[in-house]
A.B. asks: 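I'd like to ask you about the structure that follows.
Quick note on labels: first sequence line is chain A, next is B, and so on, each numbered from 1.
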Number of protein chains: 2
Amino acid sequence: MRRDSRLSGVLHVLLHMAQQPGPFTSETLAKAMDTNPVVIRRIMAGLRELGYVRSEKGHGGGWRLACDLAKVTLRDVYAALGSPALLAMGNRTESPGCLVEQAVNAALDQAFHDAEALLLSRLGEVTLAMLSEDCRKRLGSRKHQGLRAHGA
Amino acid sequence: MRRDSRLSGVLHVLLHMAQQPGPFTSETLAKAMDTNPVVIRRIMAGLRELGYVRSEKGHGGGWRLACDLAKVTLRDVYAALGSPALLAMGNRTESPGCLVEQAVNAALDQAFHDAEALLLSRLGEVTLAMLSEDCRKRLGSRKHQGLRAHGA
DNA sequence: CTATATGCAACATATGAAGTTACATGAGAC
DNA sequence: GTCTCATGTAACTTCATATGTTGCATATAG
């Protein structure tokens with residue numbers, strides 16, 4: 001099953017934005033992500049609605065962070081994407097008439113629910129500020145290259 | 001994202017088989033599952049290789065359980081399907097050169113891994129025998145109708 | 001007015017589960 | 001042996017959805 005990489009992608013974008021000031025155009029970000037500007041706008045749209053980022057049109061426009069990175073968790077970002085399905089598996093039929101299938105669903109739902117809850121919980125424990133700090137550590141003493149690390 | 005329902009489906013089949021003796025043809029099972037015989041054979045193939053079920057061709061042929069239901073867990077069944085991806089999300093790039101993306105991956109991988117481990121653990125706690133017992137309870141005092149509950 | 005940016009709809013592409021068709025193979029019934 | 005019933009399997013179609021692309025409307029700085 002093809003895996004949804006929007007969360008991974010949007011976090012990548014946000015952290016790059018956290019390393020440098022100034023607005024970033026969708027095109028700049030797209031080059032860094034090796035994708036298309038429209039894809040960037042698409043995954044950023046939800047974050048804009050929740051006020052995590054702002055966008056401005058025209059000359060000197062682009063994207064800017066608009067939140068306290070210490071107050072936004074990965075779970076918040078996930079929610080901003082529209083809370084897509086977390087698990088690749090699901091029940092064949094949600095409300096089956098067959099009692100046997102009801103038993104199967106009950107058992108699987110329990111396991112599925114626990115796993116989803118744990119994942120959401122873990123995502124809720126990590127803030128963008130924590131991730132950004134981790135980034136700076138990894139970048140270490142070398143000059144902050146920001147988006148230029150991608151060849152952009 | 002379309003969710004993989006093979007585990008749900010194959011469990012449904014196995015539990016129906018546990019309710020009644022006798023071989024079941026792929027066609028009978030397919031009718032109960034409202035699907036195609038080939039789909040049944042496909043999801044059963046892995047279980048046959050691991051010895052959980054046996055199949056016989058020709059007259060009087062079909063599928064039979066061939067294991068101790070108390071010793072096979074949902075995790076075993078999942079493995080028999082080829083251990084398909086559990087999570088609908090994943091990292092954009094597995095081995096990124098970008099340090100920022102490495103930080104993102106590290107954080108997400110941790111959460112993903114924990115959730116997967118919990119799910120597998122939960123699946124490992126439930127045996128087919130336990131599920132089958134739950135089925136019998138749900139069927140209660142009414143006559144065991146088995147596959148006929150599906151109109152088959 | 002022009003250049004540059006986002007906003008967004010519409011369409012194309014790719015992937016993989018699910019469904020379908022066709023045919024080969026094997027096992028009993030006769 | 002031959003017929004019928006069943007699985008085994010490859011190849012194809014269908015469907016959903018993330019991703020990629022194009023085109024154009026809209027807004028803003030100069």
A.B. asks: How many Å lie between NZ on A:K57 and P on C:dT6, as a whole number?
C.D. replies: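 Result: 10 Å.
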A.B. asks: Given C:dT6, D:dA11, D:dA29, which nucleotide is nearest the side-chain atoms of B:R42?
C.D. replies: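 When the side chain of B:R42 is considered, D:dA11 is the closest of C:dT6, D:dA11, D:dA29.
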A.B. asks: Any side-chain heavy-atom pair from B:L65 and B:L14 closer than 4.5 angstrom?
C.D. replies: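 Side-chain contact under 4.5 Å: yes.
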A.B. asks: Rounded to the Å, how far apart are A:L81 CG and D:dA18 P?
C.D. replies: 11 Å
A.B. asks: With nearest nucleotide decided by heavy atoms, which residue, A:T35 or A:E56, maps closer to the 5′ end of DNA chain D?
C.D. replies: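 First, find each residue's nearest nucleotide; the 5'-ward one identifies A:T35.
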A.B. asks: Any side-chain N or O of A:R6 less than 4.0 Å from the OP1 or OP2 oxygen of D:dT19?
C.D. replies: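 Indeed, a polar side-chain atom of A:R6 lies that close.
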A.B. asks: Can you work out whether B:P84 or B:P37 has the more 5'-proximal nearest nucleotide on DNA chain C?
C.D. replies: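 Final value for this comparison: B:P84.
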A.B. asks: Indicate yes or no: at least one non-hydrogen side-chain atom of B:R136 is less than 4.5 angstrom from one of B:Q19.
C.D. replies: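 In contact.
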A.B. asks: Report yes if some heavy atom in the side chain of B:R41 is under 4.5 Å from a heavy atom in the side chain of B:M44; otherwise report no.
C.D. replies: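 SC-SC contact between B:R41 and B:M44 ruled out.
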A.B. asks: Quick check for you: among D:dG23, C:dA22, D:dG20, whose closest atom lies nearest to any side-chain atom of B:V38?
C.D. replies: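 The answer is C:dA22, which lies nearest to the side chain.
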A.B. asks: Does the side chain of A:V10 reach to within under 4.5 Å of the side chain of A:V77, using non-hydrogen atoms?
C.D. replies: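 A:V10 reaches A:V77 side chain to side chain.
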A.B. asks: Measure CE/B:M44 against P/D:dT9 and give the value in whole Å, please.
C.D. replies: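 In whole Å, D:dT9 P lies 14 Å from B:M44 CE.
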A.B. asks: Taking atom P of D:dA6 as reference, at what distance in whole Å does atom CG of B:L29 sit?
C.D. replies: 12 Å
A.B. asks: If you check the B:N36 side chain, which of C:dT21, D:dG8, C:dG7 turns out closest?
C.D. replies: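 My answer, after comparing the listed nucleotides, is C:dT21.
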A.B. asks: With a 4.0 Å cutoff (strictly under), does any side-chain N or O of B:S5 reach OP1 or OP2 of C:dA18?
C.D. replies: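 Indeed, a polar side-chain atom of B:S5 lies that close.
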A.B. asks: Mind checking A:R54 for me? I need base, sugar-phosphate or nothing, with any heavy atom below 4.0 Å counting as a touch.
C.D. replies: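 No contact at all - A:R54 keeps every heavy atom at 4.0 Å or more from the nucleic acid.
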A.B. asks: Does a nitrogen or oxygen in the side chain of B:S26 sit under 4.0 Å from OP1 or OP2 of D:dT7?
C.D. replies: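 So the side chain of B:S26 is within the cut-off, an N or O lying under 4.0 Å from OP1 or OP2 of D:dT7.
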A.B. asks: Could you state the atom-to-atom distance from CZ of B:R64 to P of D:dT7 in whole Å?
C.D. replies: 12 Å
A.B. asks: Determine whether A:H16 and B:C98 make a side-chain contact, defined as any pair of heavy atoms from C-beta on separated by less than 4.5 Å.
C.D. replies: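 They are in contact (side-chain heavy atoms under 4.5 Å apart), so the answer is yes.
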A.B. asks: Report yes if at least one side-chain N or O of A:R41 is closer than 4.0 Å to OP1 or OP2 of C:dT6; otherwise report no.
C.D. replies: yes
A.B. asks: Taking the side chain as every heavy atom from C-beta outward, state whether B:S8 and B:L11 have any atom pair closer than 4.5 Å.
C.D. replies: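 No - every pair of side-chain heavy atoms lies 4.5 Å or more apart.
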A.B. asks: Can you tell me the distance, in whole Å, between the CG atom of A:D4 and the C1' atom of C:dT15?
C.D. replies: 13 Å
A.B. asks: Counting any heavy atom closer than 4.0 Å, what does B:G62 reach on the DNA or RNA strands: base, sugar-phosphate only, or nothing?
C.D. replies: sugar-phosphate
A.B. asks: Can you tell me the distance, in whole Å, between the NE2 atom of A:H59 and the P atom of D:dA27?
C.D. replies: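 Interatomic distance, NE2 of A:H59 to P of D:dA27: 16 Å.
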A.B. asks: So, OP1 or OP2 of D:dG8: does either fall under 4.0 Å of a side-chain N or O from B:R48?
C.D. replies: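 Answer is yes, contact under 4.0 Å.
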A.B. asks: OP1, OP2 of C:dT6 versus side-chain N and O of A:T25: anything below 4.0 Å?
C.D. replies: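 Result: no.
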A.B. asks: Could you give the CD1-to-P distance, from B:I43 to D:dT9, as a whole number of Å?
C.D. replies: 15 Å
